[in-house]
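Report on one structure; see the data block that follows.
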Amino acid sequence: MPDPDPDATCIVGLHGVLELYPWIEQVSSEFDVDEDVFGLAVKRASAYAWSSTALVDTPADNLWDHNDAGGDWTQDGQVRQLAWLQSSLPRPVTAGRRQHIRRLPILPVITVLSDALRRVGTVRLTGTHALVPLHRAGTARVVLAEVADWFALADPAGAARLTVTVSALPSVNLASWSAEIRQAVLERTYQHMTVVPLKPAETATPGLARPLAGVVQAEGLRRALAFRCDVREWSTDVAAWTTEVVTDSIRAVTGASGLILITVSVKA
């Protein structure tokens, strides 16, 4: 059952350039298929058994519950917010006196959105953004360290430079934790990512199309951190990995709760 707590909201968006397949209109007309981001995301999440909208007697063991989704598929070759998904995260599971908080489903959501886009066209990804509730982020340090070598196993010729920004409420004072957060990111990536601090106010993010989905929920958040990160490849997986690494580092270092906004982008 969806959590009524507004701080359980999680919004993820993918940005880039989409070129629709030339046969889309023909197939849509022939089979009466008129799919949008929401419809495709719901179907794909159900196929992976990550989230279901089916009405069943027992509650579905969803990683998230769909709220809304959309995307801009304008065919002009410009960077657009191609797909975004707003969801509610289920309440943590309580066993005895212990409460188990799941990891944020960043990779599953990005995978679902990416699959939806690639079902209708070819995609050049330029960025992602995620509005995430820190208090719903389970500890992920060990898992992130275990998977770090996955991202080292990549063609060095495909190396990419990412721009990562973090926005939070001014009261969190994230900027004062910049050095500790950077160190935590390095520890979770096993040196497979370089992290160089940037001046937040002067950091450009041309790989993102504004306004970002979630602007209403993110009201009051201000950019507090920015990093330049070198990685061995650029992909939806790397974007998700980077987002979760930064989220887990902030959660562990600051103990903060509430919503933060993380963007990951490359030059458009």
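The analysis underlying the following values was restricted to heavy atoms, covering all of them including side chains, and did not include hydrogens, waters or symmetry mates. Positions are given from 1, in the same order as the sequence printed here. Because the structure is predicted, anything quoted here is derived from the model rather than measured.
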Contact between W84 and D68 at the side-chain level, heavy atoms closer than 4.5 Å - yes or no? yes
Using atom types as modelled and distance alone, determine if a side-chain donor or acceptor of T189 lies under 3.5 Å from a backbone N or O of L186. yes
Shortest non-hydrogen contact from I106 toward A130: CD1-CB, 4.5 Å
So with a 6.0 Å cut-off around CD of Q75, is the heavy-atom count from everything else above 12? yes
Can you tell me which residue pairs pass the side-chain hydrogen bond (donor to acceptor under 3.5 Å, both in side chains) test with a partner in residues 103-116, sequence neighbours excluded? R44-D115, Y48-D115, R103-E244, S114-R118
Testing R80, R210, H129 for side-chain hydrogen bond (donor to acceptor under 3.5 Å, both in side chains) with H15, which one passes? H129
Quick one: CH2 on W23 to CD on Q26, what's the gap to the nearest 0.5 Å? 9.5 Å
Polar side-chain atom of N62 near backbone of S52 as donor-acceptor pair, under 3.5 Å: yes
Quick one: do the D65 and S87 side chains pair a donor with an acceptor below 3.5 Å? no
Heavy-atom pair with the smallest gap, counting every atom of Q81 and A213: OE1-N, 2.8 Å
With a 4.5 Å limit on heavy-atom distance, are the side chains of C229 and R161 in contact? no
Output the distance between atom CD1 (I250) and atom CG (D248), rounded to the nearest 0.5 Å. 10.0 Å
Taking C-beta and beyond as the side chain, do V112 and V42 meet within less than 4.5 Å on heavy atoms? no
Do V27 and Y21 come within less than 4.5 Å of each other through their side chains, counting heavy atoms only? no
So, R232 and D237, do they make that salt bridge, N to O below 4.0 Å? no
Measuring from R182:CZ to S249:OG, what's the distance to the nearest 0.5 Å? 12.0 Å
For the pair K43 and E35, find out whether any cationic side-chain nitrogen is under 4.0 Å from an anionic carboxylate oxygen. yes
Using every non-hydrogen atom in the two residues, find where P170 and G220 come nearest and quote the distance to one decimal. CD-O, 3.6 Å
If hydrophobic clusters are built by linking Ile, Leu, Val, Met, Phe, Trp and Tyr wherever their side-chain heavy atoms come under 4.5 Å apart, do V266 and L198 end up in the same one? no
Test of understanding: clusters of I, L, V, M, F, W, Y form through side-chain heavy atoms closer than 4.5 Å, transitively. Do W73 and L85 belong to the same one? yes
Among T163, T126, V264, V164, the one residue meeting side chain to side chain contact (heavy atoms under 4.5 Å, CB included) with T205: T163
Are L144 and Y190 close enough that some pair of their side-chain heavy atoms sits under 4.5 Å apart? no
Distance check, rounded to the nearest 0.5 Å: W64 atom CH2 versus R102 atom CZ? 11.0 Å
Tell me, with the steps shown, if E233 and D155 meet side chain to side chain contact (heavy atoms under 4.5 Å, CB included). CA-CA 7 Å; E233 67 175 12; D155 184 354; over 6 Å; no
Distance (rounded to the nearest 0.5 Å) between T254 OG1 and L134 CG: 6.5 Å
Does any N or O in the side chain of R223 come within less than 3.5 Å of the main-chain N or O of P200, such that one atom is a donor and the other an acceptor? yes
Is T194 reaching over with its side chain to a backbone N or O of D230, donor-acceptor style, under 3.5 angstrom? yes
What one should report as the nearest heavy-atom pair of L89 and L63 is CD2-O, 3.9 Å
Are F151 and V231 close enough, and set up right, to give a side chain to side chain contact (heavy atoms under 4.5 Å, CB included), and what steps lead you there? CA-CA 8 Å; F151 297 98; V231 292; over 6 Å; no
As a quick check of understanding, evaluate side chain to side chain contact (heavy atoms under 4.5 Å, CB included) for T53 and H66, giving each step before the final call. CA-CA 8 Å; T53 58; H66 302 286; 3.7 Å; yes
Compare all side-chain heavy atoms of L107 with those of W241 and state whether any distance is below 4.5 angstrom. no
Worked check of side chain to side chain donor-acceptor pair (under 3.5 Å) between T165 and T203: CA-CA 8 Å; T165 72; T203 301; over 6 Å; no
For residues Q86 and Q217, determine if any side-chain heavy atom of one lies less than 4.5 Å from a side-chain heavy atom of the other. yes
Would you tell me whether D72 and T74 have side-chain atoms, one donor and one acceptor, within less than 3.5 Å of each other? yes
Kindly compute the distance separating CG (L208) from OG1 (T128), expressed to the nearest 0.5 Å. 7.5 Å
Taking side chain as C-beta onward, heavy atoms only, is T247 less than 4.5 Å from L104? yes
Same cluster or not: V195 versus L174, using hydrophobic residues (I, L, V, M, F, W, Y) connected whenever any side-chain heavy atoms lie under 4.5 Å apart? yes
Go through D149 and L153 one step at a time and tell me if the side chain to side chain contact (heavy atoms under 4.5 Å, CB included) criterion holds. CA-CA 6 Å; D149 283 348; L153 192 64; over 6 Å; no
Would you say V37 and V215 are hydrophobically clustered, going by side-chain heavy atoms of ILVMFWY under 4.5 Å? no
